[in-house]
Amino acid sequence: MKQVKLDTIIQGLQNRGIKGADAAVILGSGLGDFAAMLENRQDIPYAEIDDMPTVSVAGHAGTFHYGTIGGKTVLAFGGRFHSYEGYPQEVTLALVHITHRLGIKKLIISNAAGGITSRLQVGDLLLITDCMGPNLSYGLRGTPKVTHRFDNVPLRSRILKLAASEGITLQHGTYLYVSGPTYETKAEIRAFRIMGADVVGMSTAPELVEATRLGILTIGLTLVTNMATGVSSGKLDHSEVKETAESRKDDFGRLVSRLIQESFD
Ligand code: HPA
């Protein structure tokens with residue numbers, strides 16, 4: 001496995017004129033169309049930046065999108081690195097570290113996930129208020145222990161009000177991280193519900209924890225693309241994820257755009 005050389009990646013981005021931004025956005029499965037909302041957009045394939053890892057999953061293009069929205073500069077990552085692709089943590093957290101190294105102070109992390117709680121429906125957008133995982137320690141080995149992990153409760157009501165003012169229904173809840181790539185068993189989902197999880201997915205939680213540790217204002221957004229195993233009948237597959245994302249991309253884009261405009265201090 002090639003090492004992530006952040007210095008080379010940052011240099012490569014700076015050479016292309018990307019020296020910072022007001023906000024960064026990690027675009028989850030099927031949510032990459034947000035990039036089309038950026039004005040004066042520059043698209044840079046990950047492969048054009050030396051030492052940048054490349055993406056292997058359908059629905060993730062592997063492109064940096066740099067542009068503006070409502071006058072704010074934005075760096076959007078179209079495509080992330082999952083541990084189920086075989087990447088070590090150093091790679092799965094690379095987008096957070098790039099955000100940090102560029103001095104970007106706000107990060108919106110999005111994902112597709114399965115709904116566990118029965119109050120949720122396919123197509124719901126959800127604000128992640130807290131997260132958990134079977135392996136509850138995230139972050140790179142060798143970094144200091146921290147007590148503050150990720151907890152969005154202080155911001156919750158502001159973000160929910162902001163969504164309501166846009167006419168967007170936004171749920172909120174706890175995201176449970178699994179490493180994948182297989183979907184869960186029914187027994188696991190039953191257990192996760194008892195543990196207090198509302199949605200389950202294969203990304204985001206490690207990124208939320210690491211970005212918070214680095215002092216970045218971090219917001220996690222989930223699109224419920226399917227109900228988790230056993231919650232509703234039928235088999236799960238990746239095409240369902242993409243179809244649902246397609247149907248909710250406008251609301252998602254408006255919400256992200258408002259979150260970028262808002263100053264949360
Ligand atoms: N489980 C895990 N990850 C997912 C799911 C799911 O049901 N849907 C989208 N990502």
Side-chain angles (χ1 to χ4, degrees), residues 25-34 55-62 77-87 89 91-93 95 108-136 138 150 170-209 219-249 251-252 255-256:
V25 186
I26 299 177
L27 298 170
S29 283
L31 295 168
D33 285 355
F34 169 77
V55 169
S56 71
V57 185
H60 294 261
F77 302 102
R80 60 149 64 82
F81 310 101
H82 305 86
S83 81
Y84 65 75
E85 294 171 83
Y87 292 119
Q89 260 186 343
V91 177
T92 59
L93 296 174
L95 303 180
I108 298 165
I109 303 181
S110 65
N111 63 76
I116 295 178
T117 327
S118 52
R119 72 182 159 88
L120 296 175
Q121 286 181 355
V122 171
D124 276 351
L125 288 167
L126 174 139
L127 172 69
I128 300 175
T129 46
D130 208 343
C131 60
M132 59 173 141
N135 173 359
L136 287 165
Y138 306 121
F150 172 80
L170 183 60
Q171 305 280 358
H172 59 87
T174 297
Y175 178 102
L176 184 142
Y177 168 74
V178 291
S179 56
T182 48
Y183 287 105
E184 303 67 44
T185 63
K186 283 189 205 167
E188 284 165 340
I189 295 300
R190 278 200 305 273
F192 294 166
R193 183 181 294 116
I194 292 165
M195 286 162 68
D198 296 300
V199 291
V200 57
M202 301 176 193
S203 64
T204 302
E207 295 160 319
L208 290 174
V209 172
I219 298 170
L221 288 179
T222 288
L223 174 66
V224 178
T225 49
N226 57 277
M227 294 314 285
T229 314
V231 178
S232 64
S233 52
K235 261 197 169 166
L236 305 181
D237 70 52
H238 202 67
S239 63
E240 188 177 11
V241 174
K242 283 197 284 184
E243 277 163 33
T244 309
E246 180 67 27
S247 72
R248 290 312 304 275
K249 67 180 187 196
D251 278 354
F252 171 78
L255 181 59
V256 171

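In each ligand, atom 1 is the first atom listed, and ligand 1 is the first ligand listed.
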Colleague: Does any N or O of ligand 1 fall below 3.5 Å from an N or O anywhere on Tyr183, backbone included?
Modeller: no

Colleague: Run the numbers for me: atoms of ligand 1, each under 4.0 Å from some heavy atom of Thr225, listed by number.
Modeller: 8 (N), 9 (C)

Colleague: Counting each atom of ligand 1 from 1 as listed, which ones have a heavy atom of Asn226 under 4.0 Å away?
Modeller: 5 (C), 6 (C), 7 (O), 8 (N), 9 (C)

Colleague: Using side-chain heavy atoms (C-beta onward) and a distance below 4.5 Å, is Ile128 in contact with Phe150?
Modeller: yes

Colleague: Side chain, backbone, both or neither: which part of Asn111 has a heavy atom under 4.0 Å from ligand 1?
Modeller: neither

Colleague: Which bit of Thr229 is near ligand 1, meaning a heavy atom under 4.0 Å away: side chain, backbone, both or neither?
Modeller: neither

Colleague: Hey, are the side chains of Cys131 and Tyr177 touching, using non-hydrogen atoms and a 4.5 Å cut-off?
Modeller: no

Colleague: Relative to the heavy atoms of Glu184, which atoms of ligand 1 are at a distance of less than 4.0 Å?
Modeller: 1 (N), 2 (C), 6 (C), 7 (O)

Colleague: So which of Thr229, Thr174, Ile189 actually passes side chain to side chain contact (heavy atoms under 4.5 Å, CB included) with Val200?
Modeller: Ile189

Colleague: As an exercise, identify every atom of ligand 1 less than 4.0 angstrom from a heavy atom of Ala113.
Modeller: 5 (C), 8 (N), 9 (C), 10 (N)

Colleague: Ignoring hydrogens and geometry, is there a side-chain-to-backbone donor-acceptor pair from Thr129 to Gly173 under 3.5 Å?
Modeller: yes

Colleague: Checking Phe81 now: which residues fulfil ring-ring contact (aromatic ring centres under 6.0 Å, His included) with it, not counting sequence neighbours?
Modeller: Tyr46, Tyr87

Colleague: List the residues meeting side chain to side chain contact (heavy atoms under 4.5 Å, CB included) with Glu188, not counting sequence neighbours, and say none if there are none.
Modeller: Glu184, Thr185, Phe192

Colleague: Out of Gly28, Ala112, Ala228, indicate the one that has the non-hydrogen atom closest to atom 10 (N) of ligand 1.
Modeller: Ala112

